[in-house]
Amino acid sequence: MTETTSPDKPTLLLIDGHSMAFRAFFALPVEKFSTTTGQHTNAVYGFTSMLINLIKQERPTHIAVAFDLSTPTFRDAQYDAYKAGRSATPNEFKGQIDLIGRVLTAMNIRTVTAEGFEADDVIATLATQGEDADFDVLVVTGDRDAFQLVDDAVTVLYPRKGVTDLPRMDAAAVEEKYFVPPNRYPDLAALVGETADNLPGVPGVGPKTAAKWITQYDGLEGVLAHADEIKGKAGESLRERIEDVRRNRQLNRLITDVDLPVGLDHLGMSAPDREAIDELFDALEIRTLQPRLFELFGEQEEPPGADDVVGPELTTPSTAAELTAWFAAAPGPVALLPLVEGTDCAALVLVAEDAPGDEDGAPRDAVGARIDLTALDADAEAALAGWLGDRAAGKVVHDLKTVYKLLRGGRGLVLDGVVDDPSLSGYLLQPDRRSYELADLAQHHLRISIAANDAAGSQTELDLTGDEEQTRLATATRNGIVLLRLSRYLTDELVARGSADLMTRLELPLAKVLGDMELAGIAADSAHLTALTDDFSTSIDAAQKEAFAVIGKEINLGSPKQLQAVIFDDLGLPKTKKIKTGYTTDADAITDLIARTDGHPFLVALLAYRDASKLRQTVEGLVKSVADDGRIHTTYVQNIAATGRLSSMNPNLQNIPIRTDEGRRIREVFVVGGGYRTLLTADYSQIEMRIMAHLSGDEALIQAFRDGEDLHRFVGSHVFDVAPEDVSPAMRSKVKAMSYGLAYGLSSFGLSKQLAIGVDEARNLMGDYFSRFGAVRDYLRGIVETARKDGYTSTIEGRRRYLPDLSSDNRQLREMAERAALNAPIQGSAADIIKKAMLGVDRAIEAQGLSSRMLLQVHDELVLEVADGEEEQLTALVREQMAGAADLSVPLDVSVGLGRSWHEAAH
DNA sequence: TTGTCACAACA
DNA sequence: TTTGTTGTGACAAG
């Protein structure tokens, strides 16, 4: 009778959604659970976590989550003050119910509501239906009224604390706690009262007294009938409150025959929608629940064809003839996976698969080969090199740039003819994704689960035993098959969307160019680096000493926490903008404080300290990055920035200082390397504003660029209605800030902040701006509208960015998406253009047989290393390729400089 | 050891 | 309450 669920009976799990979400909300610290956009997720997390645990422990066959509606219920109609006096829902909780609803939908769990009734009534109704159908029923709720449902078949899981501690309240447990059987619990509650529902009971009567009466008079009716006989103060109170008690009893009776839109048939458990779960949890930045969730269902149901992908047997062609024969016989494009020993590519695994066929998992003919690169004779190596470099021999590779570098850098083998790289095609399809690992893409697009550890096409363990070697090869061939299927899917999607050209003509060939740039690296002047470190260290020491002298003690100037204590407590300076951990001490705020305190020496020293430490830190990073060849090799990442830009890592060479003189000195350490004559830098001037002019078609702006005027002076003269020569530096800088801000979705408030002017002045400025450049305003408005309608923005080249948050109910999310929508076509088109220019420069250098080479890209700038005697030809070539990379209604202006260092080559 | 925050550098 | 990045030290939690 008190045992848990019977193994042979179906189990129905019923959850009071609001009640448990609320418990979860208070159980988990709200400040620890929120997304970067400020959406709180502690209740979502706690609720989902609880749900996963419940499913795991109870293994229900059927499940439903009931919610209250915000509309009045019959209880409100009967009693005005029902649930009155509750404190307002915390703001942090609002919206999370909605998110929980979305989680449930993604998990294929029904949510049930009924107009005019509470979740408890829905649960009571379903519990009764379940009981009638001979189910074991589990009710999870923080509402004690549910105890009345408990009997042999129905058990309530009532949270003791938080949402993980859910004791089973069966009949015995209820009776033990309240001294009455479950069916009499509402009698007891009517006497005792329920604060949460604003139902006062009889003063001085607690569960013990109430239970005694109920037992003595055989139920509440008996108690009320004999009210006159009850002695003492409690009896008196009871007689005074009889009407309240009757009302309480009426209100706490749960309705068991609510007319519901679903029945038990609709509540069967099924596997979650993995794609929807991934998407939702990604958006909520909840990372730890997916594995638990999928683990839970992993053993239950798998989509057909998943997890049983097996690679083909491997042959080991090793002579030129065998290799040539294998290449000739391979059906379709060949998946190519390197096997790495240390940093060297020791072998290649090649896999090809017969025609696509259907998706029913029917066997297909696949072939596989392992080519041991260390054991090829000259002829065989030539045969392999010929095939690898054969543009007509199609290959599919994951992470092309890495594989290209591996083969080219390690063995001088040039890889060409790559028709797809899922890390790039996946990126073009979904540029906001964080990971393009094979395992993630396969899971997401094909629903094929492969262990993340296995996903890398290469592993670095040495001295593998025979078994480990076999496992490694099996993994590689399996991944080869997954790679081919994934590639087919992604390529079809790209073609369907019309983005195939972006892939084959831009991103794929660019991977090779970037690979060459990374291999080349840029020469570093080590002596200069050391000197800079010393210089900056001296400045740091001086600033630190000064700062300590002012406050009379030594603190860690790098600790925002300690800084806050000194600035706002010890020195008692005015508070700055609030942040999570107190008040900000960022450079803007400190500069502002300096102005307000007439140059407080501590703050001045702090800024000096910050500047110098930042610079030293940058220099130290560079020192560590100098390779054995005396050059710095950055890594470009082609699939991080959602707009289409590249990013640069280890070290980041796209954020080397330039704005201040001190910082600019760091550019002196990037120098021309041995065997070359000089460095060349070439950059687009105002490319984003030019794209804005082109896309908006604003005649005035276009004319300005065609006339080759100083853009900001020109715009200033229009906005302020003065002659161009009368535009003051102040006017120019305001206009400049606004021009760039517009492309970022700047508001008048933001503009006023940035320019330190009033909001009214900023608003007027924007008004004047738009009255002169109306097409710009129309264009910006149109972008957001179109993006909301289509769900994505497009660059000139057709690169898309999806922005589902444009139709979010959350204002903050929506407005962020709107600003991203304004920016994406502009930043993205600029990225497309310089990528095209890089391909053009690379091809032209090759075509003209030059020895000069491209080294760096910094968004709108290229740095090249110029071979002796090629200065003029290269300058012309670069200008031509960069200026000709796009056909806009305005010219693309390119400025070029030459010099021994990056600093000197600047212009 | 790991994850998050504040801060700062670039286009 | 202006977009997109990478990297560092401090700090708290595991």
Side-chain angles (χ1 to χ4, degrees), chain A residues 29 31-36 38 285 287-288 431-432 555-564 577 579-590 606-607 610-622 624-625 634-637 640-660 662-664 666-667 683-688 737-755 759 762 766 780 793 801 803 811-812 815-828 830-831 834 856-861:
Chain A
E31 65 278 2
K32 291 275 172 198
F33 294 84
S34 57
T35 66
T36 49
E285 297 168 28
R287 274 171 282 279
T288 50
D432 280 281
I555 63 163
N556 181 351
L557 292 175
S559 162
K561 205 174 157 187
Q562 295 178 43
L563 282 176
Q564 286 178 31
K577 197 176 69 175
I579 54 172
K580 282 183 192 160
T581 53
Y583 299 92
T584 183
T585 64
D586 68 16
D588 265 2
I590 298 297
L606 172 61
L607 282 189
R610 283 245 179 95
D611 285 347
S613 344
K614 179 74 185 172
L615 293 173
R616 185 175 68 178
Q617 177 192 296
T618 304
V619 173
E620 282 173 342
L622 292 176
K624 287 189 203 120
S625 303
T634 185
T635 303
Y636 289 103
V637 193
I640 289 274
T643 52
R645 272 192 179 178
L646 298 176
S647 74
S648 157
M649 269 181 17
N650 302 318
N652 182 354
L653 295 186
Q654 291 180 323
N655 72 343
I656 302 301
I658 193 168
R659 290 182 227 228
T660 66
E662 280 293 287
R664 214 156 24 229
I666 298 179
R667 293 189 175 226
D683 59 58
Y684 286 116
S685 57
Q686 294 147 346
I687 186 167
E688 295 195 341
M738 180 147 61
S739 287
Y740 281 101
L742 286 179
Y744 300 148
L746 184 66
S747 61
S748 50
F749 181 89
L751 185 67
S752 76
K753 268 264 153 144
Q754 202 199 315
L755 295 177
V759 181
M766 285 182 91
L780 292 173
T793 61
R801 176 167 186 193
L803 294 162
R811 194 180 110 185
Q812 197 187 355
E815 290 181 344
M816 274 178 73
E818 285 169 358
R819 292 192 293 268
L822 290 173
N823 180 251
I826 297 172
Q827 192 182 112
I834 193 153
L856 304 178
Q857 188 252 45
V858 191
H859 307 308
D860 65 355
E861 172 186 13

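In what follows, every chain begins at residue 1, and chains take the letters A, B, ... in the order their sequences are listed.
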Would you tell me if any nitrogen or oxygen in the side chain of [X] comes within less than 4.0 Å of OP1 or OP2 on [N]?
X        : N      : value
A:Thr581 : B:dA6  : yes
A:Ser747 : C:dT2  : yes
A:Asn823 : C:dT2  : no
A:Thr585 : B:dC7  : yes
A:Ser648 : B:dC10 : no
A:Lys580 : B:dC5  : yes

From the options [options], select the nucleotide whose nearest atom is closest to the side chain of [X].
X        : options              : result
A:Pro560 : B:dA11, C:dT2, B:dC7 : B:dC7
A:Gln827 : B:dA8, C:dT6, C:dG4  : C:dG4
A:Arg667 : B:dA9, B:dA11, C:dG4 : B:dA11
A:Ala641 : B:dC7, C:dT5, B:dA11 : C:dT5
A:Gln754 : C:dT8, C:dT2, C:dA10 : C:dT2
A:Phe749 : C:dG4, C:dT1, B:dA8  : C:dT1
A:Arg801 : B:dA11, B:dA6, C:dG4 : C:dG4
A:Lys561 : C:dT2, C:dA12, B:dC7 : C:dA12
A:Ala820 : B:dA6, C:dT3, C:dT2  : C:dT3

Roughly how far, to the nearest 0.5 Å, is the [atom2] atom of [Y] from the [atom1] atom of [X]?
X        : Y        : atom1 : atom2 : value
A:Thr660 : A:Lys614 : OG1   : NZ    : 12.0 Å
A:Ile666 : A:Ile658 : CD1   : CD1   : 11.5 Å
A:Asn823 : A:Leu742 : CG    : CG    : 11.5 Å

Once you apply a heavy-atom cut-off of 4.0 Å, does [X] come out as touching a base, just sugar-phosphate, or nothing?
X        : answer
A:Arg819 : sugar-phosphate
A:Ala642 : sugar-phosphate
A:Leu822 : nothing
A:Thr584 : sugar-phosphate
A:Ile658 : sugar-phosphate
A:Ala587 : sugar-phosphate
A:Thr618 : nothing
A:Ile640 : sugar-phosphate
A:Arg659 : base

For the pair made of CD1 in A:Ile579 and P in B:dA8, what is the distance, rounded to whole Å?
11 Å
How far apart are the closest heavy atoms of [X] and [Y], and which atoms are they?
X        : Y        : value
A:Ala830 : A:Ile687 : CB-CG2, 4.1 Å
A:Gln754 : A:Ala737 : NE2-CB, 3.8 Å
A:Gln564 : A:Thr581 : OE1-O, 3.1 Å
A:Leu856 : A:Tyr636 : CA-OH, 3.2 Å

With the criterion set at under 5.5 Å between ring centres and under 30 degrees between planes, would C:dT2 be stacked on A:Tyr744?
no
Dot-bracket for DNA chain C, 5' to 3', Watson-Crick and G-U pairs with both distances under 3.5 Å, [ ] for crossing pairs, | for partner on another strand, reads ..|||||||||||.
Student check: side-chain heavy atoms of A:Tyr684 and A:His859 closer than 4.5 Å:
no
Can a donor-acceptor pair under 3.5 Å be found between the side-chain atoms of A:Arg645 and the base atoms of B:dA11?
yes
Listed in order of residue number, which residues of residues 649-657 of chain A have a non-hydrogen atom at under 4.0 Å from DNA chain B?
A:Gln654, A:Asn655, A:Ile656, A:Pro657
Any donor and acceptor pair, going by atom type alone, linking the side chain of A:Arg667 with main-chain N or O of A:Pro657 inside 3.5 Å?
yes
